[in-house]
Amino acid sequence: MSPDLRVSFCGIELEHPVVNASGCFDAIAARRAFGDSLVDRFPFAAFVSKTITPEPRAGNAPPRLFEAPAGMINSIGLPNKGLAGFLERDLPQLGFLPVPLIVSVMATSREDFAAVVDAVSRRPEVAGLELNVSCPNVHSGLIVGEQPAETAALLEALRPLTEKPLIVKLTPNVADPVAVAAAAEAGGADAVSLINTLKATAIDPATLRPWLGAGRGGLSGPAIRAVALEQVRSVAAAVHIPVVGMGGITSGADALAFIAAGATLVAVGTESFRDPAAGIRIRDELGTAFGLAGAAGPGELRGAAAAAPANR
Ligand code: RRO
């Protein structure tokens, strides 16, 4: 009997556990490039949008990408149409996707965050929101997601605005991601997703100056997978809400490792730039891996790696 990959996530029923990482798959551009076949065979069980902000942003100065060993460093800088542009121009197109839509949002003050969450969550096309809390506050310079108390306070401000699932995207650039995840849960988050990129820099060997226009960026790809697995496993063991695990997933075996570490969903990021159909391949490989493990579905192997191994 082939495994049943369906999974329930914060009350959303999904065909399988593989979604995209925010910013790593542009469904509107992909539809332009691949036509309706993209919609008919959508690579992910849910679509997570690129992060939107209250006002439009042009993004960082180029170069924005650097190829690193087993990964890449990006400093894209959140280019987006802003809330009004997203609602007017992107959302109607995303509403036609055959899978639930999760909109990623970010702002630099609690009030602005609330305005975006309120406006986005009212739209019927939107199944849930991901809160990207890795951005510095313009007033205090604080990065909300680096501080458990700030994260809990943000959630307490946003939680009353909507009953739709709020997923907090955690930064890995902290000493104790479990403390931030626990604060998000205490503030009323429905789920956490991790990891975002690891702070990174590349130096141009010719000029001995930073390669990226913004001077620094975030490392993603297989280079960060072991770090991501450790953080997912620690966080999943500590919280009672579902975890979306990501960081360098390129195969069904990688995806299965994140599920064994405790993830309910897995997200494909950098691999989709190399292969836009990676989501489908990884879902198929995951199905095969469950079959080989003799598991009827994701629930049977979730958290299999939660317990510490016996000393050998
Ligand atoms: O746009 C970006 O530069 C960016 C974002 Br918002 C993010 O959350 N993570 C990342 O690596 N890049």
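Whatever order the structure lists them in is the order used to number ligands and atoms, beginning at 1. What you see below is based on every heavy atom in this structure, not just the backbone, and it leaves out hydrogens, waters and symmetry mates. Keep in mind that what you see is a predicted model, and the values were worked out from it rather than measured.
A side-chain donor-acceptor contact under 3.5 Å links R57 to the backbone of G77. For the pair N60 (side chain) and S75 (backbone), a donor-acceptor distance under 3.5 Å is present.
Nearest non-hydrogen protein atom to atom 9 (N) of ligand 1 is N196 OD1, 2.8 Å. Nearest to atom 2 (C) of ligand 1 among the protein's heavy atoms is G77 N, 3.5 Å. In this structure, atom 6 (Br) of ligand 1 lies nearest to the protein heavy atom L78 CG, 3.4 Å.
Linking ILVMFWY side-chain heavy atoms closer than 4.5 Å, directly or via other members, places I224 and F273 in two distinct hydrophobic clusters.
The side chain to side chain contact (heavy atoms under 4.5 Å, CB included) with P172 is formed by just one residue from the set L194, I195, L219; it is I195.
For ligand 1, none of its N or O atoms has an N or O atom of P79 under 3.5 Å away. Among the atoms of S75, none of the N or O lies under 3.5 angstrom from an N or O of ligand 1.
Atoms of ligand 1 found under 4.0 Å from any heavy atom of K50, numbered from 1 in the order shown, are 1 (O), 2 (C). Which parts of ligand 1 touch I76 is read off a 4.0 Å heavy-atom cut-off, strictly below it: atoms 1 (O), 2 (C), 3 (O).
When the heavy atoms of I73, N74, T53, L198 are ranked by distance to atom 12 (N) of ligand 1, first place goes to N74.
Summarising the hydrophobic clusters (Ile, Leu, Val, Met, Phe, Trp, Tyr; side-chain heavy atoms under 4.5 Å, direct or chained), the residues clustered with I12 are V7, F9, L14, V19, V48, I102, I167, V244, M246, L265.
Evaluation of the salt bridge (Lys or Arg N to Asp or Glu O under 4.0 Å) test over residues 86-101, restricted to residues two or more places apart or in two chains, returns K81-D90.
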